[in-house]
2 protein chains.
Amino acid sequence: MHNSQVSAETWSIAELATEYAVTLRTIRFYEDRGLLTPERRGTARVYHPRDKVRLGLILRGKRLGFSLDEIAKIVDMYDAEPGEEGQLVYLLDQITHRRAELEQRRRDIEETLADLSEVETRCRADLSALRWERPPGS
Amino acid sequence: MHNSQVSAETWSIAELATEYAVTLRTIRFYEDRGLLTPERRGTARVYHPRDKVRLGLILRGKRLGFSLDEIAKIVDMYDAEPGEEGQLVYLLDQITHRRAELEQRRRDIEETLADLSEVETRCRADLSALRWERPPGS
DNA sequence: CTTTACGTTTACGTAAGCGTCAAGCACGAA
DNA sequence: TTCGTGCTTGACGCTTACGTAAACGTAAAG
């Protein structure tokens with residue numbers, strides 16, 4: 001073990017890939033789209049904590065069904081420099097917008113979960129009905 | 001008004017399209033993928049309440065970021081015939097699966113909303129800081 | 001030196017989810 | 001009959017988000 005001092009400060013592409021269960025291709029693709037900007041050590045990519053966090057955010061965004069373009073905007077909000085007033089106002093506006101979207105999604109999820117429970121109830125009823133007419137052990 | 005009696009029992013493709021704010025193309029595409037099966041009156045499509053409900057479910061599924069294939073499975077669960085035991089067991093399994101997915105998504109949403117609140121707080125702080133150093137009316 | 005592991009770029013392939021014509025039927029009004 | 005309106009079926013195009021080779025570089029280990 002030759003890097004016990006600064007260990008876990010940076011990662012290779014393969015390390016990130018296995019940790020987040022994505023392919024190398026995927027990670028490179030995200031870089032291509034400007035979502036990740038790893039350091040280069042020679043030709044190889046070196047990922048810093050910032051990149052790792054961003055990858056996590058990207059994947060969470062994907063689970064939420066956002067497109068990479070949308071994710072780019074969201075993720076860039078996180079490490080935006082204070083900037084000028086107009087920029088800040090724009091950011092706050094974006095936040096309001098995203099929040100509304102997410103709350104709609106949450107409602108959709110609640111509804112769908114409720115529907116699933118209904119289907120499940122019906123399903124269990126059908127099942128026990130089946131087992132009545134054809135008693136256990138047939 | 002010549003159809004005041006059985007009105008709202010069936011709909012044309014255009015009616016559904018405007019009501020749900022999608023294009024005709026989209027609706028036909030969903031039919032092509034087996035998600036909708038409208039009646040045919042001559043050459044025209046006639047949509048019954050069942051189709052309308054399904055379209056609503058499809059669009060909700062889309063908002064949740066499911067693919068049409070996944071949506072097909074989900075939606076088909078809703079109006080599955082009682083069927084045999086194996087089928088019912090399969091269905092219950094699917095329900096468990098979907099529920100897990102949705103709950104993951106809900107967690108993702110909660111986290112993202114929390115993050116957004118953080119960014120917002122930081123943003124508002126930066127903003128008021130700016131307005132302090134450069135007092136109102138500059 | 002050769003193998004092995006790990007990485008690189010370039011580039012074509014593909015499935016999903018429609019948009020966008022083009023060309024034509026059906027039907028009521030003028 | 002002709003027009004307009006609404007609907008129909010192809011069929012091609014496009015973007016997104018990668019998969020999948022192909023062909024090559026680099027560096028440590030045997």
Side-chain angles (χ1 to χ4, degrees), chain A residues 1-3 7 10-48 51-52 54-76 101 108, chain B residues 1-3 7 10-48 51-52 54-76 101 108:
Chain A
M1 292 270 176
H2 58 294
N3 58 349
S7 84
T10 64
W11 296 267
S12 74
I13 189 171
E15 286 169 341
L16 279 194
T18 56
E19 174 157 358
Y20 285 101
V22 295
T23 67
L24 308 187
R25 178 72 177 88
T26 299
I27 295 181
R28 294 195 196 105
F29 181 73
Y30 293 161
E31 179 179 348
D32 221 56
R33 302 298 297 274
L35 290 168
L36 296 175
T37 51
E39 186 200 335
R40 291 295 185 133
R41 224 163 263 172
T43 159
R45 292 165 171 88
V46 174
Y47 296 86
H48 292 263
D51 300 304
K52 205 187 164 200
R54 286 180 70 103
L55 180 53
L57 292 174
I58 294 167
L59 296 176
R60 195 176 68 187
K62 283 217 55 190
R63 286 198 300 274
L64 293 177
F66 287 106
S67 77
L68 286 189
D69 277 11
E70 292 174 305
I71 292 173
K73 289 182 190 169
I74 298 173
V75 170
D76 281 339
E101 276 187 53
D108 286 333
Chain B
M1 294 267 178
H2 59 292
N3 58 348
S7 83
T10 65
W11 296 267
S12 74
I13 189 171
E15 286 169 342
L16 278 195
T18 57
E19 174 156 359
Y20 285 100
V22 295
T23 67
L24 307 187
R25 179 71 178 88
T26 299
I27 294 181
R28 294 195 196 105
F29 181 72
Y30 292 161
E31 179 179 347
D32 223 54
R33 303 297 299 272
L35 290 168
L36 296 175
T37 51
E39 186 199 336
R40 291 295 184 133
R41 223 163 262 173
T43 158
R45 292 166 171 88
V46 174
Y47 296 86
H48 292 262
D51 300 303
K52 205 186 163 199
R54 286 179 71 101
L55 181 52
L57 292 175
I58 294 167
L59 296 177
R60 196 178 66 188
K62 283 217 55 190
R63 286 198 301 273
L64 292 177
F66 286 108
S67 77
L68 285 190
D69 277 9
E70 292 174 305
I71 290 173
K73 289 181 189 168
I74 298 174
V75 171
D76 282 337
E101 276 187 53
D108 286 333

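Below, chain A is the first sequence line, B the second, and so on; all start at residue 1.
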What's the [atom1]-[atom2] distance between [X] and [N], to the nearest Å?
{"X": "Asp32(A)", "N": "dT8(C)", "atom1": "CG", "atom2": "P", "result": "13 Å"}
{"X": "Leu16(B)", "N": "dG6(D)", "atom1": "CG", "atom2": "P", "result": "16 Å"}
{"X": "Tyr20(A)", "N": "dC18(D)", "atom1": "OH", "atom2": "P", "result": "16 Å"}
{"X": "Arg25(B)", "N": "dC21(C)", "atom1": "CZ", "atom2": "C1'", "result": "12 Å"}
{"X": "Asp69(A)", "N": "dA17(D)", "atom1": "CG", "atom2": "P", "result": "7 Å"}
{"X": "Ile13(A)", "N": "dG25(D)", "atom1": "CD1", "atom2": "C1'", "result": "15 Å"}
{"X": "Leu68(B)", "N": "dT16(D)", "atom1": "CG", "atom2": "P", "result": "18 Å"}
{"X": "Glu31(A)", "N": "dT8(C)", "atom1": "CD", "atom2": "C1'", "result": "11 Å"}

Given [N], is OP1 or OP2 found less than 4.0 Å from the side-chain N or O atoms of [X]?
{"X": "Lys62(B)", "N": "dA16(C)", "value": "no"}
{"X": "Arg33(B)", "N": "dA16(C)", "value": "yes"}
{"X": "Arg28(A)", "N": "dT8(C)", "value": "yes"}
{"X": "Thr43(A)", "N": "dT9(C)", "value": "no"}
{"X": "Ser12(A)", "N": "dG7(C)", "value": "yes"}
{"X": "Thr23(A)", "N": "dG19(D)", "value": "yes"}
{"X": "Arg40(B)", "N": "dT9(D)", "value": "yes"}
{"X": "Arg45(A)", "N": "dT8(C)", "value": "yes"}

Got a sec, which residues hit side chain to side chain donor-acceptor pair (under 3.5 Å) with Arg28(B), two or more places apart in sequence or on another chain?
none

From the list dC18(C), dC7(D), dG7(C), which nucleotide is the closest neighbour of the side chain of Tyr30(B)?
dC18(C)

Which of these nucleotides, dC18(D), dG7(C), dC18(C), is closest to any side-chain atom of Ala14(A)?
dG7(C)

On a heavy-atom basis, which atom in Tyr47(A) and which in Arg45(A) lie closest, and how many Å separate them?
OH-CD, 3.1 Å

Which heavy atom of Asp51(B) sits nearest to which heavy atom of Val46(B), and what is that distance?
OD2-O, 4.3 Å

Could you check whether atom NZ of Lys73(A) has more than 12 heavy atoms from other residues, nucleotides or ligands sitting under 6.0 Å from it?
no

When you measure from the side chain of Arg33(A) to the backbone N and O of Asp69(A), does any donor-acceptor pair fall under 3.5 Å?
no

